[in-house]
Chemist: 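Encoded as structure tokens, here's the structure I'll be asking about.
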2 protein chains.
Amino acid sequence: MGTVSKALSLLSYFSRQRPEIGLSDLARMSGMNKATVYRHMSEMAAQGIVEQTQTGKSYRLGAEVLRLAALREAAVPLLEVAREQLRHLSDATGETAHFSIIQGTKLNALAHHYSTRHGTRVTMEDAEVLSFHGTASGLSILAYADTAFRDQVLAEPLTAHTPHTETDPARIRDRLNEITQTGFAQSVGGFEADVHSIATPIFGADARPIGALAIAAPVARMTPDMISLAQTELALAAQTLTRRIGGFAPADASPTPEETTA
Amino acid sequence: MGTVSKALSLLSYFSRQRPEIGLSDLARMSGMNKATVYRHMSEMAAQGIVEQTQTGKSYRLGAEVLRLAALREAAVPLLEVAREQLRHLSDATGETAHFSIIQGTKLNALAHHYSTRHGTRVTMEDAEVLSFHGTASGLSILAYADTAFRDQVLAEPLTAHTPHTETDPARIRDRLNEITQTGFAQSVGGFEADVHSIATPIFGADARPIGALAIAAPVARMTPDMISLAQTELALAAQTLTRRIGGFAPADASPTPEETTA
DNA sequence: GTATGTTGGTTCATTATTTGAACCATTGGT
DNA sequence: ACCAATGGTTCAAATAATGAACCAACATAC
């Protein structure tokens with residue numbers, strides 16, 4: 001691993017739960033020497049990628065990443081198009097819609113939209129790390145991912161987020177097969193208790209999944225009619241999103257909206 | 001300059017005008033050796049910061065920057081709060097409102113909001129680089145920036161974006177003094193022909209300007225009444241934004257909304 | 001008030017990494 | 001068939017990264 005990778009890998013320790021990290025902590029977490037971490041952070045700070053809090057101590061992400069993200073959106077308007085679909089999805093279903101993408105071996109929630117139809121709703125946070133095995137989004141992606149990626153994810157220890165999380169790799173593989181039949185993954189309380197989610201993957205130019213659209217509702221409101229509606233809308237939104245970002249669904253991919261509506 | 005800085009500095013060559021860059025071009029632009037650029041880009045690609053287009057050739061910014069930006073927003077909700085104010089500003093004035101921040105020695109437009117009141121409007125692109133001397137936003141920032149920064153910006157060659165762009169450093173300094181009197185900067189056709197902009201700065205925790213809010217309208221629609229309205233709304237929005245991000249306006253800063261309304 | 005354990009930051013000889021000229025293999029144009 | 005690009009690769013030489021030990025500053029504990 002080169003110096004640049006090492007420096008950039010420091011960024012992976014920042015999370016929603018830990019948006020600011022001190023020098024010593026960062027050195028401990030990364031296992032790197034304190035002096036090394038200091039220089040890496042200083043260099044990244046000079047480039048605006050990170051900055052120090054006004055107390056002068058701990059580090060956090062810098063404003064430059066905003067520029068980079070805006071530029072990325074200009075080149076590949078993934079989130080912009082996704083937000084459009086999310087708005088439509090939550091309006092059509094009256095429930096929370098969210099979008100997440102694969103980044104390395106992680107699944108990151110990047111955008112969401114709430115509906116105002118109900119007083120209670122499933123709440124989301126952007127930049128939250130989701131699990132592949134415990135969420136509908138993750139499962140839908142795994143179902144269409146190549147074997148190597150699936151094996152890699154399922155080889156790691158699978159944490160049980162709730163009592164209902166399926167953590168047995170063999171049983172998860174069975175579910176993945178079922179998912180490819182319908183094109184939709186479901187998770188009932190697998191990540192958060194009392195949340196029923198339905199998801200379908202989004203594909204990149206190489207026909208491999210790059211993310212997922214999902215609708216999340218309280219278990220009680222996810223009636224058969226609702227499931228049917230959610231699937232219809234998800235299929236349409238996913239197809240639109242995949243197409244708009246220049247992606248291609250694989251031959252065995254999620255059904256077209258016509259098929260679903262039937 | 002360390003290796004990490006050099007690698008990260010490659011990112012600065014990506015712009016709205018040039019969202020994808022090939023290896024040889026990037027080497028030429030940066031003046032670095034082709035092999036060096038190749039390894040830097042490879043390492044950054046491994047971290048998801050950049051990626052290669054499916055034609056396999058040129059590089060562009062990667063999806064990881066979206067995660068980083070989402071995380072930055074979670075830690076410092078600058079854009080979220082700014083967008084709120086932009087919405088209000090464009091609704092209240094019926095014109096285009098936009099927000100830009102200083103990054104290094106550049107001024108970057110990062111968010112905007114259009115009004116639907118008129119058929120014609122000033123259009124903006126996010127992630128666009130603005131000039132300090134040619135825009136109302138830039139001037140408003142310069143007016144409140146420390147001397148060192150102001151000198152640095154005015155020492156560089158000042159390009160004339162339009163025939164109306166003021167490029168004489170001495171005359172610009174005079175205008176900056178006037179700006180500190182009122183708290184607002186104006187630019188009539190200084191960046192784009194037929195665009196009249198009014199801007200006021202946003203301050204960080206150290207009472208130094210970090211960005212600016214602006215309203216841009218076609219010259220003909222920027223009547224005295226409109227200017228007055230824009231200033232009132234800008235002052236309020238800027239004060240709110242500065243406060244919400246934990247910033248402080250300096251003692252000699254832009255007037256409070258009360259003073260302006262008078 | 002002193003001792004102790006933090007913290008962020010710095011130093012410098014040793015070491016490992018980056019660097020760049022020259023080199024391929026492809027591609028596209030003439 | 002040629003030429004001039006392109007992205008990518010190699011390897012000795014040069015340069016930069018590294019890490020143990022070291023500050024000074026700040027808490028907390030005794």
Side-chain angles (χ1 to χ4, degrees), chain A residues 1-15 17-64 72 75-76 204-206 246, chain B residues 1-15 17-64 72 75-76 204-206 246:
Chain A
M1 190 153 80
T3 311
V4 177
S5 292
K6 278 186 224 165
L8 291 176
S9 73
L10 288 173
L11 299 177
S12 68
Y13 295 99
F14 292 92
S15 69
Q17 285 74 36
R18 218 163 182 331
E20 298 182 0
I21 314 182
L23 178 60
S24 297
D25 275 358
L26 202 46
R28 263 190 298 276
M29 291 181 195
S30 62
M32 295 182 198
N33 187 282
K34 191 161 57 104
T36 304
V37 173
Y38 174 72
R39 270 182 308 253
H40 285 340
M41 294 309 282
S42 297
E43 290 208 62
M44 290 196 285
Q47 302 296 320
I49 303 290
V50 299
E51 67 185 18
Q52 285 183 285
T53 54
Q54 45 248 35
T55 61
K57 306 291 182 182
S58 46
Y59 296 88
R60 69 176 171 214
L61 289 164
E64 173 70 2
R72 158 78 188 191
V76 186
D206 51 1
Chain B
M1 190 155 78
T3 311
V4 177
S5 292
K6 279 185 223 163
L8 290 176
S9 74
L10 289 172
L11 299 178
S12 68
Y13 296 99
F14 291 93
S15 70
Q17 286 72 36
R18 219 162 181 330
E20 296 182 2
I21 314 181
L23 179 61
S24 298
D25 275 357
L26 202 47
R28 262 191 298 275
M29 293 182 195
S30 62
M32 295 183 198
N33 187 281
K34 192 160 56 104
T36 304
V37 173
Y38 174 71
R39 269 182 308 253
H40 284 341
M41 294 309 282
S42 297
E43 289 208 61
M44 289 196 286
Q47 301 296 319
I49 303 291
V50 299
E51 66 184 19
Q52 285 183 284
T53 54
Q54 45 249 33
T55 62
K57 306 289 182 184
S58 46
Y59 296 87
R60 69 176 171 214
L61 289 164
E64 174 69 1
R72 158 79 187 189
V76 187
D206 51 2

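Per chain, numbering begins at 1; letters A, B, ... match sequence-line order.
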Chemist: May I have the distance from A/Arg39 (atom CZ) to C/dG8 (atom P), rounded to whole angstrom?
Modeler: 16 Å

Chemist: Does any non-hydrogen side-chain atom of A/His40 lie less than 4.5 Å from one of A/Ser30?
Modeler: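 With C-beta onward as the side chain, the pair stays apart.
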
Chemist: Roughly how far, to the nearest 0.5 Å, is CD1 of B/Ile49 from OG of A/Ser5?
Modeler: 10.0 Å

Chemist: Taking CE from B/Met41 and P from C/dT18, how many angstroms apart are they, rounded to a whole number?
Modeler: 16 Å

Chemist: Please report the distance, rounded to the nearest Å, between CG in B/Leu8 and P in C/dT18.
Modeler: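 The distance from CG of B/Leu8 to P of C/dT18 comes to 14 Å, rounded to the nearest Å.
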
Chemist: Would you kindly give the CG-to-C1' distance between A/Leu26 and C/dT6, to the nearest whole Å?
Modeler: 17 Å

Chemist: Taking atom P of D/dA16 as reference, at what distance in whole Å does atom CE of B/Met32 sit?
Modeler: 13 Å

Chemist: To the closest 0.5 Å, what do you measure between CG (A/Leu61) and CE (A/Met44)?
Modeler: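 These two atoms lie 9.0 Å from each other.
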
Chemist: Measure from the side chain of B/Ser24, starting at C-beta and using heavy atoms only, and say which of D/dT6, C/dT19, D/dG8 lies closest.
Modeler: D/dT6

Chemist: Does C/dT18 have OP1 or OP2 under 4.0 Å away from a side-chain N or O of A/Thr3?
Modeler: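 It does, given that an N or O in the side chain of A/Thr3 lies less than 4.0 Å from OP1 or OP2 of C/dT18.
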
Chemist: Rounded to the nearest angstrom, tell me the gap between atom CG in B/Leu10 and atom C1' in C/dT19.
Modeler: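 In whole Å, C/dT19 C1' lies 14 Å from B/Leu10 CG.
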
Chemist: It should be established whether A/Tyr38 places a side-chain nitrogen or oxygen under 4.0 Å from OP1 or OP2 of nucleotide D/dC23.
Modeler: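 A/Tyr38 to D/dC23 OP1/OP2: no side-chain N or O under 4.0 Å.
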
Chemist: Map A/Lys6 and B/Asn33 onto DNA chain C by nearest heavy atom, then report which one ends up closer to the 5' terminus.
Modeler: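 This one resolves to A/Lys6.
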
Chemist: Compare all side-chain heavy atoms of A/Leu8 with those of B/Val4 and state whether any distance is below 4.5 angstrom.
Modeler: no

Chemist: Once you round it to whole Å, what is the distance between P of D/dT9 and CG of B/Leu23?
Modeler: 10 Å

Chemist: Compare the minimum distances between each of D/dA20, D/dT6, C/dT7 and the side chain of A/Arg28, then state the nucleotide with the smallest one.
Modeler: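 Ranking D/dA20, D/dT6, C/dT7 by closest atom to the A/Arg28 side chain puts C/dT7 first.
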
Chemist: Side chain of A/Ala35, heavy atoms from C-beta onward: which of C/dA21, C/dT10, D/dG8 has the nearest atom to it?
Modeler: C/dT10

Chemist: Starting at NZ of A/Lys34 and ending at C1' of D/dC23, how long is that distance when rounded to a whole Å?
Modeler: 10 Å

Chemist: If the test is side-chain contact (heavy atoms from CB on, under 4.5 Å), which one of B/Val50, B/Val37, B/Leu10, B/Leu26 qualifies with B/Ile21?
Modeler: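 Single side-chain contact (heavy atoms from CB on, under 4.5 Å) partner of B/Ile21 among B/Val50, B/Val37, B/Leu10, B/Leu26: B/Leu26.
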
Chemist: For a quick test of reading the model: is some side-chain N or O of B/Gln52 closer than 4.0 Å to OP1 or OP2 of D/dT6?
Modeler: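 Result: no.
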
Chemist: Look at B/His40 and C/dT18 and indicate whether a side-chain polar atom (N or O) is within less than 4.0 Å of OP1 or OP2.
Modeler: no

Chemist: Go through D/dA17, D/dG7, C/dT10 for me and flag the one nearest to the A/Glu43 side chain.
Modeler: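 When the side chain of A/Glu43 is considered, D/dA17 is the closest of D/dA17, D/dG7, C/dT10.
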
